[in-house]
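Since the structure comes first, as structure tokens, the remarks are kept for the end.
Note that this is a predicted model, so its numbers are computed, not measured.
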Amino acid sequence: MENLEGNYTRVNEFLLAALSPSWQSQAALFVVFLLVYTATLAGNTLIMLTVSSDPRLSTPMYFLLGNLSFLDLCYSTVTAPKMLMDFLVEKRSISFDACMTQLFFLHFVGAAEMFLLTIMAYDRYVAICKPLHYPNIMNRQLCSWLVAASWTGGFIHSTVQTILTMRLPFCGPNQVDNFFCDVPPVIKLACTDTYVIELLMVSNSGLISSSCFVILVTSYATILVRIRSPEGRRKALNVCASHLTVVTLFFGPCIFIYARPFSTFSVDKLVSVLYNIITPMLNPLIYTLRNKDVKSAMRKLRSRETISGKVDM
């Protein structure tokens, strides 16, 4: 503990919760989540390599998809390595500074992904509803600016959340009710009334997640309304189905966790596992299973590497 002004002493480390009470189940979960994290790294890296190496995928949609894969890889890396290490130790501790750093990058990358998914919905709206103007509207320069804006928005959001959290006095207890540091379980440990801070954070996180989700749903609903023919709607649904699946998996848990007062509920660890660990692994599968161009480009990339390997030998 570090001495603060007044009668408080600041907690210099937090103890993280276990996902399972027994050592045997912890070992089993380590193997499972190691495979999941490995699949996340491999899947998202493969999509980034595929998008960057195939000229046919140099369109705005695939440029945004490559950036989404990078964000998914970063998002999982914020929590997964620490979680895997904690499966193998008895004391699952994290220093105060490391906790704040994890919290910062979690919201930084998470908010950037929310904004990027919203941009991807706009991209699909323009492509389907204004196909003749699509090349002029969604040019590479605008896409680059939009991606930069999503990162900037994520940085601003995360900076606000982190500063509000760090300014609170933490004098004990130090048991975080989750397997990683996030605003809801950490803020409940502050030894002061956090009602006003919670309102600010809920209005920040909740407003961002809810607003982006409403914009996304409106965009896809507009696409379906604008297309009159059943065949056209079927094609539009086929194109947007992967986006809608990713949006549901990502935004559902986020709205559930961040859009209501933190002190009134206990964070469900299974929900945290879903959007922090499982969803970044599923996104590459969701996009590639329904996308013939990406699957074809991946086969070409694999055959090219096979030929290159034979030549080297």
Checklist line | From CA spacing to verdict: salt bridge (charged side-chain N to carboxylate O under 4.0 Å, His left out), Glu198, Lys188 | finding: CA-CA 10 Å; Glu198 283 186 41; Lys188 289 194 292 186; over 6 Å; no
* Between Tyr122 and Ser219, is a side-chain contact (heavy atoms from CB on, under 4.5 Å) present by the stated rule, with each step listed? -> CA-CA 7 Å; Tyr122 175 71; Ser219 297; 5.6 Å; no
Kindly indicate, with the supporting measurements, whether the criterion side-chain contact (heavy atoms from CB on, under 4.5 Å) is fulfilled by Leu73 and Met48.
-> CA-CA 10 Å; Leu73 191 151; Met48 288 188 290; 3.8 Å; yes
Using the side-chain contact (heavy atoms from CB on, under 4.5 Å) rule, take Met100 and Val186 through it: C-alpha gap first, then chi angles, then the decisive distance, then the call.
CA-CA 9 Å; Met100 294 300 111; Val186 170; 4.0 Å; yes
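Val126 has its side chain out of reach of His133: every pair of non-hydrogen atoms, C-beta onward, lies at least 4.5 Å apart. With contacts defined as side-chain heavy-atom distances shorter than 4.5 Å, the pair Phe180/Gln102 qualifies. Side-chain contact between Met138 and Cys143: present, with at least one pair of heavy atoms (C-beta onward) separated by less than 4.5 Å. When side chains are defined from C-beta on, Leu116 counts as touching Leu71, because their heavy atoms get closer than 4.5 Å. Put simply, the side chain of Val273 reaches to within 4.5 Å of the side chain of Phe179, judged on heavy atoms. Side-chain contact between Leu29 and Phe33: present, with at least one pair of heavy atoms (C-beta onward) separated by less than 4.5 Å. Between Val51 and Phe63, the closest side-chain pair of non-hydrogen atoms is not below 4.5 Å. No side-chain heavy atom of Val147 sits under 4.5 Å from any side-chain heavy atom of Ile119.
Counting all heavy atoms, side chain and backbone alike, Ser93 lies closest to Lys82 at O-NZ, 2.7 Å. Shown here for Leu106 and Tyr75, the closest heavy-atom pair between the two residues is O-CE1, 3.5 Å. Residues Thr279 and Leu249 come closest through the heavy atom pair OG1-O, 3.8 Å. Of all heavy-atom pairs spanning His157 and Ala111, the tightest one is CD2-CB, 3.5 Å. Summarising the geometry of Met114 relative to Cys212, their closest heavy-atom pair is O-SG, 4.3 Å, with the distance given to 0.1 Å. The two atoms that bring Thr59 and Tyr62 nearest to each other are OG1-CD1, 2.9 Å, heavy atoms only.
Of the inter-residue distances, the one linking Ile277 atom CD1 with Met83 atom CE reads 4.0 Å to the nearest 0.5 angstrom. Between the CD1 atom in Ile208 and the CD atom in Gln161 there is a gap of 7.5 Å [rounded to 0.5 Å]. For the atom pair Thr50 OG1 and Leu46 CG, the distance stands at 4.0 Å (nearest 0.5 Å). Interatomic distance, CG of Leu216 versus OG1 of Thr248, reported as 9.5 Å (0.5 Å rounding). Here CH2 of Trp145 is found 13.0 Å from OG of Ser150. Values are rounded to the nearest 0.5 Å. The CG atom of Asp177 sits 12.5 Å away from atom CG of Leu15, with the distance rounded to the nearest 0.5 Å.
By the 6.0 Å contact criterion, CZ on Phe70 is open, its count of non-hydrogen atoms from other residues, nucleotides or ligands being 12 or less. Annotation: Tyr134, atom OH; neighbour count of heavy atoms from other residues, nucleotides and ligands within 6.0 Å is above 12.
Using a 30° and 60° split on the angle between ring planes, Phe30 and Phe87 fall in the perpendicular class, above 60°. Using cut-offs of 30° and 60° on the angle between ring planes, the pair Phe155 and Phe108 is perpendicular.
The side chain to side chain contact (heavy atoms under 4.5 Å, CB included) check on Thr162 picks up Leu103, Phe104, Ser158, Met166, with sequence neighbours excluded. For Asp72, the side chain to side chain contact (heavy atoms under 4.5 Å, CB included) partners are Asn44, Leu68, Glu113, Pro280, Asn283, not counting sequence neighbours. With sequence neighbours left out, the side chain to side chain contact (heavy atoms under 4.5 Å, CB included) criterion links Phe213 to Val217, Val247, Phe251, Ile255.
In the hydrophobic clustering of this structure, Leu282 groups with Leu35; members are Ile, Leu, Val, Met, Phe, Trp, Tyr whose side-chain heavy atoms approach within less than 4.5 Å, directly or through other members. Clustering ILVMFWY residues whenever any of their side-chain heavy atoms sit less than 4.5 angstrom apart, transitively, puts Leu274 in the very cluster that holds Leu34. Residues Ile137 and Ile128 share a single hydrophobic cluster, defined by chaining ILVMFWY side chains whose heavy atoms lie under 4.5 Å apart. In the hydrophobic clustering of ILVMFWY residues, with side-chain heavy atoms under 4.5 Å counting as a link, Val31 and Leu41 come out together. One hydrophobic cluster, built from ILVMFWY side chains closer than 4.5 Å, cannot hold both Ile215 and Leu207; they sit in different ones.
With hydrogens and angles disregarded, a donor-acceptor distance shorter than 3.5 Å links the side chain of Asn139 to the backbone of Gln141. Remark: side-chain polar atoms of Thr45 are not paired, donor with acceptor, to backbone N or O of Ala42 under 3.5 angstrom. Side-chain atoms of Ser95 come within 3.5 Å of backbone atoms of Ala98 as a donor-acceptor pair (strictly under, hydrogens ignored).
Here the two rings, on Phe170 and Phe14, have centers that are under 6.0 Å apart.
Each of Thr165, Leu16, Asn174, Ile94 was evaluated against Cys99; a single residue qualifies, Ile94, per the side-chain contact (heavy atoms from CB on, under 4.5 Å) test.
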